[in-house]
**Q** 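Handing you a structure now.
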Amino acid sequence: MKTEVWTDNCLLFFREALEIQRGQALSALADAISEYQTALDMQAKLAPKGKLAFRRLGELWTAICESAREEPFLPQSPGGLLALLYGHLTEHPLSGATGLAAYTELLVLTSSLMRGEWFD
């Protein structure tokens, strides 16, 4: 088997994996925005794990902006940052191994929010 054919076949699976992760991450972000708003409506306070997750989301957002050569705007609330990430990633999908890693990390961060770990 030629190397080019092998590489093309591997890239086919990688692109599919990236697209699946993107879809799951966008869905999880939409759910997390709703969950965050529900927690605010219940006057829940951000726990230390939630503050750490908010910081990590900010780092991811800054990295995404730097790769797109944009000036990052950082909202003052996790809900605003989740919405900003959702909007940007809907219009500007990530690519490559870095994109796959970012989508996976977003899934982990949003799943911890959905489990109620961000709030006391």
Side-chain angles (χ1 to χ4, degrees):
M1 182 179 242
K2 293 183 179 181
T3 305
E4 299 87 32
V5 174
W6 176 256
T7 303
D8 289 343
N9 287 337
C10 289
L11 286 176
L12 175 78
F13 293 114
F14 179 82
R15 282 188 223 112
E16 188 174 335
L18 182 64
E19 196 55 38
I20 289 169
Q21 284 295 88
R22 177 179 180 269
Q24 290 176 348
L26 289 175
S27 178
L29 278 168
D31 291 343
I33 293 166
S34 176
E35 187 69 22
Y36 183 82
Q37 188 58 50
T38 300
L40 284 183
D41 291 345
M42 296 172 54
Q43 299 178 342
K45 301 291 180 201
L46 211 54
K49 188 169 186 175
K51 291 176 184 176
L52 183 62
F54 179 42
R55 181 176 173 191
R56 184 59 192 143
L57 283 172
E59 291 169 351
L60 280 171
W61 172 241
T62 301
I64 289 168
C65 287
E66 286 175 0
S67 71
R69 302 186 194 280
E70 297 176 12
E71 186 66 31
F73 164 75
L74 286 172
Q76 297 299 311
S77 73
L81 187 52
L82 289 166
L84 192 62
L85 278 162
Y86 179 80
H88 181 83
L89 294 175
T90 299
E91 292 294 317
H92 308 284
L94 300 176
S95 61
T98 305
L100 186 61
Y103 288 136
T104 302
E105 190 165 3
L106 284 170
L107 282 168
V108 171
L109 287 167
T110 54
S111 68
S112 72
L113 168 63
M114 298 303 289
R115 288 190 304 268
E117 296 173 356
W118 285 26
F119 296 96
D120 287 329

**Q** For residues 95-120, pull every pair meeting ring pair (Phe, Tyr, Trp, His ring centres under 6.0 Å), keeping only residues two or more places apart or in separate chains.
**A**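 Residue pairs with at least one partner in residues 95-120: Y36-F119.
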
**Q** Which residues pass the side-chain hydrogen bond (donor to acceptor under 3.5 Å, both in side chains) test with S111, sequence neighbours left out?
**A**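 Counting only residues at least two positions away or on another chain, S111 forms a side-chain hydrogen bond (donor to acceptor under 3.5 Å, both in side chains) with R115.
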
**Q** Tell me the ring pair (Phe, Tyr, Trp, His ring centres under 6.0 Å) pairs involving residues 15-35, sequence neighbours left out?
**A**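 Every pair satisfying ring pair (Phe, Tyr, Trp, His ring centres under 6.0 Å) with a residue in residues 15-35: there are none.
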
**Q** Mind checking the CD1-CD spacing from I20 to E16? Nearest 0.5 Å is all I need.
**A**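 It is 5.0 Å, given to the nearest 0.5 Å.
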
**Q** Taking distance alone, no hydrogens or angles, what donor-acceptor pairs closer than 3.5 Å link side-chain atoms of residues 55-62 to residues at least two apart or in another chain?
**A**
| unit_1 | atom_1 | unit_2 | atom_2 | d |
| --- | --- | --- | --- | --- |
| R56 | NE | E105 | OE2 | 2.6 |
| R56 | NH1 | E59 | OE1 | 2.9 |
| R56 | NH2 | E105 | OE1 | 3.0 |
| W61 | NE1 | F73 | O | 2.9 |
| T62 | OG1 | G58 | O | 2.8 |

**Q** To the nearest 0.5 Å, what is the distance between CG on L84 and CG on L89?
**A**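 L84 CG to L89 CG: 9.0 Å, rounded to 0.5 Å.
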
**Q** Could you give the distance from CZ (R15) to CG (L100), rounded to the nearest 0.5 Å?
**A**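 Answer rounded to 0.5 Å: 13.5 Å.
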
**Q** If I take atom CD1 from residue I33 and atom CG from residue L81, how far apart are they, to the nearest 0.5 angstrom?
**A**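 It comes to 10.0 Å.
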
**Q** Can you name the residues that form a side-chain hydrogen bond (donor to acceptor under 3.5 Å, both in side chains) with D41, not counting sequence neighbours?
**A**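 D41 satisfies side-chain hydrogen bond (donor to acceptor under 3.5 Å, both in side chains) with Q37 only.
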
**Q** From L11 CG over to L18 CG, what is the distance, rounded to the nearest 0.5 angstrom?
**A**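 Answer for the CG-CG pair, L11 versus L18, is 11.0 Å.
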
**Q** With clusters defined by side-chain heavy atoms of hydrophobic residues (ILVMFWY) lying less than 4.5 Å apart, directly or transitively, does F14 cluster with L94?
**A**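 Looking at the clustering, F14 is in the same group as L94.
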
**Q** For F54, enumerate each residue passing the ring-ring contact (aromatic ring centres under 6.0 Å, His included) test, keeping only those at least two apart in sequence or located in another chain.
**A**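 Once residues adjacent in sequence are excluded, F54 has no partner under the ring-ring contact (aromatic ring centres under 6.0 Å, His included) criterion.
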
**Q** E66: what forms a side-chain hydrogen bond (donor to acceptor under 3.5 Å, both in side chains) with it, not counting sequence neighbours?
**A**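 Listed in chain order: nothing, the list is empty.
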
**Q** What is the minimum heavy-atom distance between T104 and Q21, and which atoms define it?
**A**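 In terms of heavy atoms, the two residues are closest at OG1-NE2, 2.8 Å.
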
**Q** If a pair satisfies salt bridge (charged side-chain N to carboxylate O under 4.0 Å, His left out) and one of its residues is in residues 75-90, list it, with sequence neighbours excluded.
**A**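 Output for this query is empty, none listed.
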
**Q** Considering residues at least two apart in sequence or located in another chain, which fulfil the side-chain hydrogen bond (donor to acceptor under 3.5 Å, both in side chains) criterion with S34?
**A**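 Checked S34 against side-chain hydrogen bond (donor to acceptor under 3.5 Å, both in side chains); zero matches.
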
**Q** Salt bridge (Lys or Arg N to Asp or Glu O under 4.0 Å) with K49: which residues, sequence neighbours excluded?
**A**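 By the salt bridge (Lys or Arg N to Asp or Glu O under 4.0 Å) rule, K49 matches E117.
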
**Q** Return the CD1 to CG distance between I64 and L106, rounded to the nearest 0.5 Å.
**A**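 Answer rounded to 0.5 Å: 6.5 Å.
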
**Q** Is there a path of hydrophobic side-chain contacts, each under 4.5 Å between heavy atoms of I/L/V/M/F/W/Y residues, joining L74 to L29?
**A**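 Linked, L29 and L74 end up in one cluster.
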
**Q** In this structure, would L46 and L109 fall into the same cluster of hydrophobic residues linked by side-chain contacts under 4.5 Å?
**A**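 Yes, it is one cluster - the side chains of L46 and L109 are joined through contacts under 4.5 Å.
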
**Q** Mind checking side chain to side chain contact (heavy atoms under 4.5 Å, CB included) for L52 and listing every partner two or more places apart, or none if nothing turns up?
**A**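 Checked L52 against side chain to side chain contact (heavy atoms under 4.5 Å, CB included); zero matches.
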
**Q** Tell me, please, which residues at least two apart from H92 pass ring-ring contact (aromatic ring centres under 6.0 Å, His included).
**A**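 Partners of H92 by the ring-ring contact (aromatic ring centres under 6.0 Å, His included) criterion, ordered by chain and then number, come out as H88.
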
**Q** Taking a hydrophobic cluster as the set of Ile, Leu, Val, Met, Phe, Trp and Tyr residues connected by side-chain heavy atoms closer than 4.5 Å, whether directly or through intermediates, do L85 and L107 fall within one such cluster?
**A**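 No, L85 does not connect to L107 through the hydrophobic network.
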
**Q** Please step through side-chain contact (heavy atoms from CB on, under 4.5 Å) for the pair S112 and V108, ending with a clear verdict.
**A** CA-CA 6 Å; S112 72; V108 171; 6.0 Å; no

